[in-house]
Amino acid sequence: MARVGVFIGQFDSHSTIAFDSLASYAANLRAVEKVRLLGLRPKVDVKTLAEEIRRERLDRIVLAGDSPGHFKPAFTRAMQLAGGDPAEVRLASFREHGASSSEATDRAKAILACAVHGVPYPLVAVPKPTVVNPATLVIGGGVAGIQTALEIADAGKKVILVERSGTIGGHMAMFDKTFPTLDCAACILTPKMVAVAEHDMIELLTNSEVVGVTGNPGAYRVEIRRHARRVDEAACVACNVCTDICPISVLSEFDQGLTHRKAIYIPFPQAVPNAYLVDPEACLWVQSEGKRCGACAKKCPKECIDLAEEDRTVTFDVGTIVLATGYDLLDARKVERYGYGKYPNVLTALEFERITNASGPTGGKIVVKSKVANRRLKTDEWLATSDGAAPRSVAIIHCVGSRDANYNPYCSRVCCMYSLKFAHLVREKLPDATCYEFYIDMRAFGKGYEEFMERIKAEGAHVVRGRTAEVSEVDGRLVVKGEDIVQDRLVQYPVDLVILAVGLVPSAGTAELATLLGVPRDQDGWFSELNYNSEPTYTERGGVFVAGVCQGPKDIPDTVAQASAVAAGVLRSISSGRGVSDLSSLALSEIEARAMQMAAGKPQEATHGR
Amino acid sequence: MVANVTRVNPKLIHELEKYGAQDVQNCYHCGNCSAVCPHADEYFVFPRKSMRMLQMGLEKRIEASLEPWLCYYCGQCSTGCPRGAEPGETMMSLRRWLTSRYDFTGISRLFYRSWKAEAVVLVVVALLAALGFLIFGFSQGSIHHYDGEQAFLPSASIHIFDWGMAAVLVVLLLINSIRMWWFTTGGNPRIRPKLGTYLKALYQLPLQFFTQKEYARCGERQPWLVHLALMLGYVSMLVLIMFFLHGMQAGPEIRWRFHGVGYLASAGLLFGVLVAVIGRIRKSAPHVAHSHESDWLFLGMLLIVTVTGIVQHVLHRAGAAMAANLAYVVHLSLVVPMLLLEVPFGKWSHMVYRPLACYLAAVHRETLARQRSSAAQGEQVTADRRLAAA
Amino acid sequence: MEKPRIGVFVCNCGTNISHIVDTEAVRAHAQAQPDVVVATSYRYMCSTPGQETIVKAIQEHQLNRVVVAACSPRMHEKTFRGACRHGGINPFLFEMANIREQCSWVHQDRLAATEKAKSLTTAAIHRVRHHRPLNSLSAEMCPTTLVLGGGIAGLTAALELADSSNDVVLVERTDALGGNLARVDLTAPHLDSARDLLTEKLTRIASNPRVTVLLRSELVALSGFVGNFTATIRGPGGNGAGPERQVRVGNVVVATGYQEFDAGRITHYGHGKLPNVVTSFEFEQMLRAGRIETRDGRLPQYAAIIHCVGSRNREFHPYCSRVCCMTALKYAHELKSANPACYVSDIYIDMHAFGKGCEEFYKATSEVKTLFLMFEKNEHPVIRRAGPGEDCDMLIEVNERLSGERIEIPADLVILMVGVEARSDAAEVARLVNISQDREGWFMESHPKLDPVATTTDGIYIAGTCAAPKDIPDSVAQARAAAARILARISKGRIEIDGVFAEVDEDRCSGCRICNELCPYSAIEFDEGKRRSHVIPAACKACGACVAACPSGAITGHHFTAEQIHAQIDGVLA
Amino acid sequence: MSFEPKIVGFLCNWCSYTGADLAGTSRIQYPPNINIIRVMCSARVEPDFVLRALAGGADGVLICGCHPGDCHYSEGNYKAMRRYPLLKTLLKEYGVDNDRVRLEWVSASEGQRFADIVTDMTERVRALGPLRLKTDLQTDRVER
């Protein structure tokens, strides 16, 4: 039997793992000759360590910790110096396998035991198969949810697709073009949306939210609150009569508040389902409890408006749940220095998407906002109108709230490319306009992205390597200020329009959903995948998958690939029932026993994984 | 043009850690700090560039730079830094490092790298000074007399001692200042100022010294006022002691002509020191959030010196001659190491380097403007010639 | 034949078409054409109400032909064929006029664009008169999948399929599974064990009776069509002439991976000449052996990592290799871990730390005082031996962008982050399975956004780095996505074959066999008895090469008949 | 009014038609004189199509396929390439100028190239003036 030395080190200073109790656990494992706690970010002296290995005649080292790989090279080196086999330095990474806090001590022990026996943990820790209800719940109707739903439904399995807003399509439906091919987002998305609406195996619930989840992996019961649409989805022919007559205008969410919609409205012309809905917050009838207005219901030629409709709760039994809840933009007001909310012509990326979108409020004309008096509210509003003035110069600011210790430490992954796309659109639609692009690192990593960047530069956008420090207003014009690092000088450019490439944050409600489902989230709030490398679509909770941006920022191709990958997992668990139990359902003793058997070379019954 | 190749020195950043630059490696060069800095202009783009020089270990470049002295640590750069790289603190550390570079004796380097060494030297010098003053006092006067012929430490003698010490300090500072000039300007191949430029900008020296006007350009006025109070208090006290010591030490009655100014100066000093100490304890603003050991030593010394000075003065007025004498000895034995060590080697040297840097910066600006315009003209001429040739 | 009753539907596409093309004039023009019963225009023909308009018109006017003048048929032909089916007519009795991509978006003269749109619509009307109803056929779907390549993508795809109880044939060219991942010690950004990851997959592959692993084997031929491919696989044997076996498979996952850029091509990096200049994979080998040292066994005091070797460069590859930045940061960490006294310089262009946890990893690498130095794209650092008086072996000279200085970086060990490139045999694989490559040699997906795993050839899927550089999680996701697509198809048991294929009129066929040789898919068989050729519909891809070449005019290319194209020509010129 | 030539384009579905679509999605402008007919492969273009177009009033014909080696059907474009010189010889007999019929390779990513080719061809054919094919060809067409 191998003589094993266990070394336990800590990488993350905030880690709450109970290292001491793990050390005493390790000491009691068979074959373990030596256990040493290294402490936080240890600086290992290789020679001393080699001496220790030789002295203790260790022929396997298990390096355990939250992220023990960070210390591994020193141990490999020491093993080599001591004359041992460098390949016998094994890692027991608690973080990798989901034991990230003191509550997961049993999991950490299991990980440690597997490493001591020299067997990969995921090979051992496979929950027992269960019977899986073939119906699947997909939460979120953006491109990720749509793709997953279609893939599963195309295989002939039932899908319930729940979307919070009045239409599916998500953020992608708001975009004008998509990088780097510049094909129009709607052109490639709308056929899929239509396919969802028409699919026999998909039950589409818009204007709905998941409010309760009970049951176990493979047999969940979900409660869904169907917010009253107040319009019969099936009967409505989107004739527009109700909207024409509705007296109430409010700012349109779909158009990012750049224009108005009515209290009874359709988010956008290609919305799916193609039916109107009532905004109860704005509707006079609803607000006055039926005392006022009600004109739409009276005028509707199909008589399909029921303003008194109430929310309902429906229940479904499903086997698996797919989280595809996407993202929100970080509230740009928080990044005070850029004056969003203070200067009307400082826009978020989504606002610009709507302005430049042919089906947006300006018909695709790039304009600065105009001040419009709202007679009802007796205030002035800044709206984008097609008769607005064209900007003479535009600044695009990357990394707004991203890669920043004061906001989001992470990179939002998509902003560089969409910012380049914006520069292209500005230069194309306004050839005389100057366009400045402020960036830190240009992350053009995908297929065809680098080439796209070169093209945009050649088109004449001024690319400034440096972050904009602030946006101010001087004599009625916006001024952006920054350091042009490559040119080695401070720059101040007067511009008419500033576009903020605002970073992505988990969509509102992510935390609640995580609690409801028992799915852990990472320090940035995104849903945690089961394993960074090998299980990017599974979660800690059996039968719950993640697709798209809700797991972490990603662009459309990566989202679609991941969404399809989720479908594979769902289909496989339906057909085999494997891997849908909770990982935590496995007892430590069970894992220990299996690991020992495997180490002894005894064949296992199936080694199906998740 | 063939650019000079400079070798990077990855060791310098480790060295600077001892001077307080703990976070500079985090900088990923977004340029935010330079753009928010109220002092950065078209000729001096910092702190980002200075941080870069430090990361790369371009010692000569840093030695030749005035930028650290143009920073007054308002802390806007650090507040907005996305990576927690603490540009303000880095500039502060660079000032410490530069101080040690200007100092030809190496003492400054020793002190900044080891606060223990500094403390030991401070204590030793203080003890020696105390011993000297006591021996001197007992040898020629009486501990029971503060004033008059039998005075323990007669002001005339102390005055001579003061001047002697002043001479030493002036010599040290002068040498260091000349070194500073040489590093940044005289020996800097990138800058070739004309004599006229030097003369024209000369007014900057007294202006900056007495008003600390550059500091006022930092967004908030409070730190500048505190700093000014401290500085003016200190300078007033220096003037009083150097030129009017007999008036200051006369007594026990209060002579408002001298003491009035002295009280104001003491109040300024005390106010400045207390605000600084409380700020550093509370870490209430970016510029006081990080304290190098030398900062505590410096403030501690200043506080004790101020307090003992006040105590000595009060005891003297109260007629407690012996107590006043003892307080005076304590006071002097602290003043000596403070002046001897802090003025040429420590933070007080800023008193000289700052105005000098402002002056040299003015010289640089004018010279750079001249050099740039002639370079531009040169390019124009070459371009014209090329055109003509074509 | 019944008299054509044609409905024409003109789309405004919001304003995409109508801002240049007077869609009302086009509609009126169409209305005036013979056989046109109804002509309407609408904002978005592709939207649900738009499609309903078509369905209703078919029913109300008893239409038997439909023309939609809208975007490219590549975009919405399928959508509108669906609408026709809903309306109750054969989906092939439909034609599309492309008045957006090939008209309103490329012209600015309103009058001329409108005239052109009229012509295109007229041509479609002319053509659609000659359309015939076509019906799709169905064929068996073989549940076995062929996976080419035993790297992480191939392994993942194979396991995903096999775990759902489907047979998989996994073909690997080398003598071991694992691919490039097997050469890696730890993975970025969390420094997890690549070995454990691989061991897990390999154990599961080995214990799964559904997976047949063929090592030292390669695909030499693939015939047939989706659901019914026959793959010829050559096994190990002397001089590449091993025994061949044939396997029936329904689908193919191509996961052939990448090869590393040859660092020797950049001469001023001195790889192969300077002993302590190593590539990333060579360094990985050093890490695995626990020997991070110079060739002569010293610990390096200065280490330097150079990014983008062969990537993002106009001389070599214009694209970003996507994985090297994070790997470089990993190396910086590992160098510091093995020897904290080592000074590490990281020489990069842009730091691509975009993945989950990657920016944080970048910061953590900064915190251990890695010196990051930025150089200009298309410039190269130059490595030379240091003089005898220096405390280092080599000096790297580069124009540093963040300082504007020309600098020298001391180095005892230089790691070149070699980029990834399409394998030299990618063209051969592409030819065998009949898929396309892009300019850089990567396999092309059928749609980069909405279908990143399928190819233009039905039944052939791509996964992992053979499609473009990507990291492990992205490769795994893509491999699973390919598996999902296949699982969905297998689960149905049979496949539908489009009605568009060629057909030989045996009465006119002279048996000359010209077409037999011409067909790239071997879809034309010759009946020796009858001395006539005939087409296998499921294998036919409808290219029409045989149709054009047949000297007796005996072959009809359904949906692209001479009659239909003639009518279309006459239509555009009318 | 100045002469506006009529050009008929036969574009293969996989590369050139997609390339022409890309010119559209990229909003690259070119003259409206071309009308595009989609074929699955350039190999599908029978000489008869070209003759019919010219006889029917077209002043030029453009055939576009995938670049050699890129054919979706492996080597359809080579077949087109081989057929093209024969067609040219025939057209010469009819007195059709060389510039009026062109075979070009346009890939799916070459929107700009497609636009350039159309622009160039339109200019050249405009310079050549209207094409009037002999009446015997007309009769020939009617007979078929």
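Protein chains get the first letters and strands the later ones, always in sequence-line order, with residue 1 at the start of each.
A salt bridge links C/E445 with A/K447: the closest approach of a Lys/Arg side-chain nitrogen to an acidic carboxylate oxygen falls below 4.0 angstrom. Using a 4.0 Å cut-off between a side-chain N of Lys or Arg and a carboxylate O of Asp or Glu, A/E454 and C/R314 do not qualify as a salt bridge. Under the 4.0 Å criterion applied to side-chain N and carboxylate O atoms, A/R403 and C/E360 are not assigned as salt-bridge partners. Salt-bridge check for A/K554 with C/D471: failed, with every basic side-chain N at 4.0 Å or more from each acidic carboxylate O. A salt bridge links A/E535 with C/R480: the closest approach of a Lys/Arg side-chain nitrogen to an acidic carboxylate oxygen falls below 4.0 angstrom. Taking 4.0 Å as the cut-off between side-chain N and carboxylate O, C/E359 and A/R443 count as a salt-bridged pair. In summary, C/K470 and A/D558 do not engage in a salt bridge, as defined by a charged side-chain N under 4.0 Å from a carboxylate O. Between C/K492 and A/D154 no salt bridge is recorded (no basic side-chain N to carboxylate O distance below 4.0 Å).
Closest non-hydrogen pair, A/T76 versus C/A289, comes out as CG2-C, 4.4 Å. Across every non-hydrogen atom of C/R485 and A/S564, the tightest pair is NH2-OG, 3.9 Å. C/A477 approaches A/A565 most closely through the heavy-atom pair O-CB, 3.2 Å. Across every non-hydrogen atom of A/E450 and C/P318, the tightest pair is CG-O, 3.0 Å. Counting all heavy atoms, side chain and backbone alike, C/S193 lies closest to A/E96 at N-OE1, 4.3 Å. Closest approach of A/C411 to C/A353, counting heavy atoms only: CB-O, 3.5 Å.
At a 4.5 Å heavy-atom cutoff, the contact between A/V46 and chain C is made by side-chain atoms alone. Contacts between A/M79 and chain C at a heavy-atom distance below 4.5 Å are absent for every atom of the residue. Heavy atoms of A/F179 lying under 4.5 Å from chain C belong exclusively to its backbone. Residue contact with chain C, scored on non-hydrogen atoms closer than 4.5 Å, involves the side chain of A/D524 exclusively. If you measure heavy-atom distances from A/Y439 to chain C, the contacts under 4.5 Å come from the side chain alone. For chain C, the nearby part of A/V143 is the side chain; its heavy atoms alone come within less than 4.5 Å. Neither the backbone nor the side chain of A/D85 comes within contact range of chain C; no heavy atom of the residue lies under 4.5 Å from a heavy atom of that chain. Looking at A/E151, both its backbone and its side chain come within 4.5 Å of chain C, counting heavy atoms on both sides. Both the backbone and the side chain of A/S534 come within contact range of chain C, judged by heavy atoms closer than 4.5 Å.
Put simply, the side chain of C/K377 reaches to within 4.5 Å of the side chain of A/M453, judged on heavy atoms. Side-chain contact between C/K356 and A/D522 is present, with heavy atoms from C-beta onward closer than 4.5 Å. At a threshold of 4.5 Å between non-hydrogen side-chain atoms, the residues A/E451 and C/E440 count as touching. Side-chain atoms of C/D192 and A/N533, non-hydrogen and from C-beta on, do get closer than 4.5 Å to each other. Side-chain contact check for C/L191 versus A/K72: every heavy-atom pair is 4.5 Å or farther apart. Between A/P73 and C/L287 the shortest side-chain heavy-atom distance falls below 4.5 Å. With contacts defined as side-chain heavy-atom distances shorter than 4.5 Å, the pair C/P189/A/Y532 qualifies. Side-chain contact between A/Y449 and C/C320: absent, with no pair of heavy atoms (C-beta onward) separated by less than 4.5 Å.
The candidate from C/R489, C/K363, C/K78, C/R288 with the greatest count of non-hydrogen atom pairs under 4.5 Å with chain A is C/R288. Contact count against chain C (heavy-atom pairs under 4.5 Å) is highest for A/R413 among A/R41, A/M193, A/R413.
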Between A/R77 and C/L299, is a side chain to side chain contact (heavy atoms under 4.5 Å, CB included) present by the stated rule, with each step listed? CA-CA 11 Å; A/R77 169 111 189 122; C/L299 286 180; 3.7 Å; yes
Pair A/R90-C/R195, side chain to side chain contact (heavy atoms under 4.5 Å, CB included): steps then yes or no = CA-CA 9 Å; A/R90 306 292 180 119; C/R195 197 180 111 141; 2.6 Å; yes
Practice task
Kindly determine whether A/S576 and C/D163 satisfy side-chain hydrogen bond (donor to acceptor under 3.5 Å, both in side chains), including the steps that lead there.
Solution key: CA-CA 7 Å; A/S576 70; C/D163 283 354; over 6 Å; no
**Item:** Derivation of the side chain to side chain contact (heavy atoms under 4.5 Å, CB included) call for C/L186 and A/L91
**Value:** CA-CA 10 Å; C/L186 300 174; A/L91 294 185; 3.5 Å; yes
